[in-house]
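Let me begin by presenting the structure, written as structure tokens, before commenting on it.
As the structure lists them, so they are numbered: ligands from 1, and atoms in each ligand from 1.
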Amino acid sequence: MRIKVLGAGAGGGLPQWNCGCRNCSDARTGRIAGMSQSSVAVTAQDNVWVLLNASPDIRSQLAADGDLAPPGLRGAPLAAVVLTNGDVDHVAGLLTLREKSAFEIVATRQTLAILADNAIFGVLDPALVTRRPLDLDRPVDLAPGLTLTAYAVPGKVALYLEGPAPDLRAMGEQTVGLRLDGNGRVVHYIPGCAEVTDALIDRLADSDLVLFDGTVWRNDEMPATGTGAKTGARMGHVAMSGPGGSLERLADLRARRVYVHINNTNPVLQPDSLERRAVAEAGWEIAADGMEILP
Ligand code: MLT
Ligand code: MN
Ligand code: ZN
């Protein structure tokens with residue numbers, strides 16, 4: 001299996017268009033690397049690729065990657081796009097994938113219903129771009145040599161579907177983790193997760209690679225940096241640090257562990273920060289755009 005991180009950032013990317021925080025300012029001056037928004041590409045065989053989420057930056061992500069270039073006059077080596085939820089940073093890139101090439105959109109019925117309810121996604125010609133519903137916990141053949149299993153992780157509905165009091169740790173079809181089996185290796189991709197449950201720890205035990213929600217270092221990071229009022233928990237993202245954080249809860253995994261979906265406020269983005277050092281000492285890597293992983 002080959003994994004490429006097309007975009008290591010959370011929604012907004014780095015720099016975010018309207019943010020002047022230290023990280024965003026440093027990314028503007030080139031002192032630290034920028035990040036495009038949340039997406040990963042996977043192949044197991046024959047240069048047939050699957051995208052895990054389609055970010056608003058997909059056009060430049062695909063243009064920057066030689067493996068994903070059209071093999072001929074028209075078309076792309078893209079078999080499917082799998083969606084982990086209906087968030088803008090994960091579905092908006094689908095609109096860029098119009099222009100009459102065939103691929104599958106693979107997601108839970110609840111996430112497919114979001115696409116069905118928003119007429120703009122009809123721009124993807126249904127004769128070419130088919131929509132395949134995923135049942136939770138049922139493995140399916142995804143692409144040559146690649147099996148996919150989606151499973152519920154604690155999360156909430158997309159921001160634009162929130163009612164007055166959304167369930168922030170709902171277990172169901174609104175937020176899923178993905179298990180990929182290929183070439184005898186097991187990879188999990190979990191860009192959004194509100195809580196690391198015991199069941200999730202058990203599920204990850206036999207994996208070779210875990211790409212996990214690295215949105216915030218601390219739960220109150222946005223209030224603390226003055227960038228916003230929402231906590232990580234309110235956004236549906238468990239923090240890296242603190243009691244119940246992913247560093248503590250996933251400390252005993254034997255898998256290679258890489259944080260993805262990193263928010264522009266996260267202090268681990270500063271190469272010389274204490275937080276960056278703590279993450280590295282705990283055995284985690286911080287994803288970067290273009291990072292390639294052979295699990
Ligand atoms: C998230 O990961 O919390 C969402 O992408 C937020 C958003 O939709 O902007
Ligand atoms: Mn997001
Ligand atoms: Zn910022």
Side-chain angles (χ1 to χ4, degrees), residues 5-40 51-58 61 81-95 107 111 114-115 118 153-163 166-170 174-178 189-195 211-240 246 259-270 273 275 287 289:
V5 177
L6 301 183
L14 175 74
Q16 179 173 307
W17 73 281
N18 62 345
C19 190
C21 78
R22 181 174 174 212
N23 287 338
C24 287
S25 302
D26 282 351
R28 283 192 189 88
T29 62
R31 206 190 75 81
I32 63 175
M35 295 185 301
S36 63
Q37 294 167 87
S38 180
S39 180
V40 165
L51 297 186
L52 310 181
N53 292 319
S55 101
D57 299 317
I58 195 167
Q61 290 168 344
V81 178
V82 186
L83 306 174
T84 59
N85 60 21
D87 284 356
V88 172
D89 55 346
H90 289 161
V91 304
L94 290 172
L95 300 175
T111 296
I114 296 172
L115 306 184
N118 285 276
V153 295
K156 64 170 184 63
V157 294
L159 180 60
Y160 55 88
L161 294 174
E162 284 184 9
D167 182 351
L168 301 177
R169 296 179 179 190
Q174 64 286 326
T175 308
V176 298
L178 304 177
Y189 171 64
I190 311 167
C193 182
E195 181 186 0
L211 304 169
F212 193 79
D213 184 342
T215 309
V216 290
W217 165 257
R218 53 187 267 196
N219 187 46
D220 64 350
E221 186 168 298
M222 290 189 59
T225 53
T227 51
K230 282 186 179 172
T231 61
R234 180 60 188 82
M235 296 188 290
H237 298 288
V238 64
M240 295 175 173
S246 53
Y259 280 123
V260 294
H261 194 278
I262 304 156
N263 198 48
N264 53 70
T265 52
N266 195 316
V268 303
L269 295 170
Q270 289 290 335
S273 65
E275 294 86 354
D289 284 20

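In this model, a donor atom of one side chain and an acceptor atom of the other lie less than 3.5 Å apart for N23 and Q270. Of the N and O atoms on the side chains of N53 and Y189, at least one donor lies less than 3.5 Å from an acceptor on the other residue.
By the 4.5 Å heavy-atom criterion applied to side chains, I114 and V91 are not counted as neighbours. The shortest side-chain heavy-atom distance between H237 and K230 does not fall under the 4.5 Å cut-off.
Rounded to 10°, the angle formed at the Zn ion (ligand 3) by N264 OD1 and C21 SG is 120°.
Take T175 and apply the side-chain hydrogen bond (donor to acceptor under 3.5 Å, both in side chains) test, not counting sequence neighbours, and it matches no residue. With sequence neighbours excluded, no residue satisfies salt bridge (charged side-chain N to carboxylate O under 4.0 Å, His left out) with D289.
Below the 2.8 Å limit, the Mn ion (ligand 2) has as protein N, O or S neighbours D89 OD2, H261 NE2.
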Problem - T227 vs C21, side chain to side chain contact (heavy atoms under 4.5 Å, CB included): CA-CA, chis, key distance, verdict - result: CA-CA 7 Å; T227 51; C21 78; 4.0 Å; yes
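When all heavy atoms are compared, the tightest approach of C24 to P15 is O-CB, 3.5 Å. Annotation for N85 and Q174: closest pair CB-O, 3.1 Å, computed over non-hydrogen atoms.
Within 4.0 Å of ligand 1, contacts by protein heavy atoms are made from D87, D89, M235, H237, H261.
Rounding to the nearest 0.5 Å gives a distance of 6.0 Å between NZ of K156 and CG of D87.
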